[in-house]
Amino acid sequence: MRVINFNAGPAGLPLPALERARDELLDFQGSGMSIMEHSHRGKEYDAVHTEAISLLTELLGIPDTHQVLFLTGGASQQFAQVPMNFLPPGASADYILTGVWSEKAHEEAVTVGKARVAASTALPDKRHVRIPRQEELQLDPKAAYVHLTSNNTIYGTQWHSWPDVGEVPLVADMSSDFLWKPTDVSRFAFIYAGAQKNLGPSGVLIAVARKDLIARGRKDIPKIFRYSTHAENNSLYNTPPTLAIYLCRNVLAWVKGVGGLPRLERWNREKGELLYGTIDKHTGFYRGPVEKESRSYMNVVFTLPTPELDERFVAEAKKAGMVGLKGYRTVGGIRVSTYNAVTVDNVKTLVSFMEEFVRKNG
Ligand code: PMP
């Protein structure tokens with residue numbers, strides 16, 4: 001029996017993608033071995049690698065100016081690798097701080113070079129509950145790049161329109177909302193996302209990068225950390241996480257099968273509206289801290305009137321077959337992560353549970 005999984009990441013994967021992996025596990029396409037036992041230089045794995053890249057290119061409409069990369073080390077490694085590649089001595093980068101992950105990205109950039117804070121939405125108690133307005137951004141027109149986090153997994157805020165950064169390359173950590181809807185890739189110089197929320201298992205990170213920027217990247221860093229090394233070798237410079245990429249392929253094939261990103265966006269908006277509708281209906285009981293126009297469609301956060309009720313909510317939901325609802329360890333409360341694999345029906349089940357919970361405890 002599978003549970004309803006609202007984990008924030010690693011998160012639930014679409015059942016058909018897992019079933020396909022199960023069916024192919026011991027004998028991948030009649031080869032007598034699993035995909036993870038194949039050489040990364042062999043034709044079987046090469047077909048999977050190529051298919052994953054072409055599915056992603058098709059689904060996102062990635063233009064010829066950009067290239068898909070599979071990298072390792074997670075988004076946290078990119079916090080360091082982005083400035084290592086794109087922040088040369090004497091230059092400065094701009095960071096927009098909207099939560100824990102963008103703050104961590106900025107901390108790493110400071111160890112490499114000059115990284116300004118172009119805006120921060122931190123409250124005196126360090127929480128973040130909104131996305132900054134354009135006029136709050138103090139952008140340096142000469143910055144090497146501007147970095148933002150498109151969706152703040154912990155605080156449940158999300159950018160709903162991209163800032164105007166002029167001619168400066170825009171870099172985005174999209175770890176927790178990559179592929180949640182169609183996205184104009186051409187606005188970004190470098191997008192990166194750990195796979196383990198919307199795309200696959202942990203162990204692989206997807207980057208969509210402008211080719212000219214990568215080619216201009218710093219060469220005075222070890223080869224393994226240069227994006228150009230991975231770009232020139234089609235992400236096969238060294239052994240890639242083949243099983244993780246294979247699973248991403250399965251998820252991407254599922255996305256295409258259900259109707260692509262426009263369909264995912266419709267489902268994701270419906271799930272968000274169901275949850276925020278319930279929170280807004282019972283504002284005295286379910287308290288959403290996030291400003292309405294900054295609400296995330298991937299991580300819906302709220303608190304109940306007391307920490308004891310938060311705990312009871314999580315425990316009773318678990319008994320009802322729903323897991324992963326506890327808020328981030330430093331923030332508390334409830335967090336419902338509604339990534340692509342969570343169905344509208346899953347959210348309807350949770351919303352009924354929420355209604356029932358107010359009736360019993362409100
Ligand atoms: N960025 C965001 C937006 C995240 O949500 C996370 C992880 N939850 C990270 C970065 C860090 O990712 P990783 O653990 O893969 O390094």
Side-chain angles (χ1 to χ4, degrees), residues 5-13 69-84 95-109 111 115 120-122 126-132 145-160 162 170-181 183 188 190-209 225 240-241 243-245 247-248 251 268 290 294-301 324-333 335-342:
N5 184 348
F6 293 109
N7 274 337
L13 291 169
L69 301 177
F70 297 124
L71 302 169
T72 53
S76 300
Q77 184 165 311
Q78 298 313 305
F79 296 166
Q81 216 171 330
V82 162
M84 284 165 76
Y95 277 73
I96 304 178
L97 308 188
T98 52
V100 170
W101 300 111
S102 44
E103 286 163 355
K104 284 191 195 288
H106 177 248
E107 272 169 39
E108 287 290 67
T111 69
S120 169
T121 50
K126 298 202 165 74
R127 290 179 312 127
H128 294 258
V129 295
R130 65 186 185 90
I131 294 299
Y145 60 85
V146 179
H147 180 282
L148 63 78
T149 310
S150 58
N151 181 75
N152 298 283
T153 326
I154 295 171
Y155 291 111
T157 63
Q158 187 175 29
W159 289 80
H160 291 299
W162 304 123
L170 184 57
V171 174
D173 173 3
M174 294 196 184
S175 290
S176 53
D177 67 354
F178 191 59
L179 297 186
W180 85 282
K181 67 167 189 179
T183 300
F188 295 89
F190 194 84
I191 294 170
Y192 63 95
Q196 66 267 24
K197 299 169 199 298
N198 260 345
L199 193 64
S202 61
V204 66
L205 174 130
I206 316 292
V208 182
F225 295 127
L243 180 64
I245 294 168
L247 282 159
C248 290
V251 174
N268 286 327
V290 174
S294 300
R295 283 173 163 177
S296 167
Y297 282 85
M298 296 280 100
N299 309 100
V300 177
V301 299
L325 291 165
K326 201 167 156 45
Y328 190 71
R329 56 196 151 86
T330 57
V331 178
R335 170 172 56 179
V336 188
S337 297
T338 55
Y339 301 125
N340 290 339
V342 173

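The chain is numbered in sequence order, starting from 1. Every heavy atom of this structure was used, including side-chain atoms; hydrogens, water molecules and symmetry mates were not. Start at 1 and go down the list; that is how both ligands and their atoms are numbered.
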Run the ring-ring contact (aromatic ring centres under 6.0 Å, His included) test against Phe188 and tell me which residues pass, sequence neighbours left out. Trp162
Is there a donor-acceptor contact under 3.5 Å from the side chain of Asn340 to the main chain of Leu179? yes
Going by heavy-atom distance to atom 2 (C) of ligand 1, choose the closest among Trp101, Tyr192, Phe178. Trp101
Out of Lys197, Gln77, Lys104, Gln196, indicate the one that has the non-hydrogen atom closest to atom 14 (O) of ligand 1. Gln196
Check this for me - ligand 1, Thr153, N or O atoms closer than 3.5 angstrom, yes or no? yes
Any idea which atoms of ligand 1 are less than 4.0 Å away from a heavy-atom of Phe79? 10 (C)
Do we see a donor-acceptor contact under 3.5 Å between the side chains of Asp177 and Asn198? no
Identity and separation of the nearest protein heavy atom to atom 16 (O) of ligand 1: Ser76 OG, 2.6 Å
So which heavy atom in the protein is nearest atom 1 (N) of ligand 1, and how far is it from that ligand atom? Asp173 OD2, 2.6 Å
Side chain to side chain donor-acceptor pair (under 3.5 Å) partner of Asn299, chosen from Tyr339, Tyr155, Tyr328: Tyr339
Without swapping roles, check the side chain of Thr183 against the backbone of Lys181 for a donor-acceptor pair under 3.5 Å. yes
Proximity flag Gly74 to ligand 1, non-hydrogen atoms under 4.0 Å: yes
Would a distance-only check, ignoring hydrogens and angles, find a side-chain to backbone donor-acceptor pair under 3.5 Å from Gln78 to Asp173? no
What residue and atom, counting heavy atoms only, is the protein's closest point to atom 12 (O) of ligand 1, and at what distance? Ala75 CB, 3.6 Å
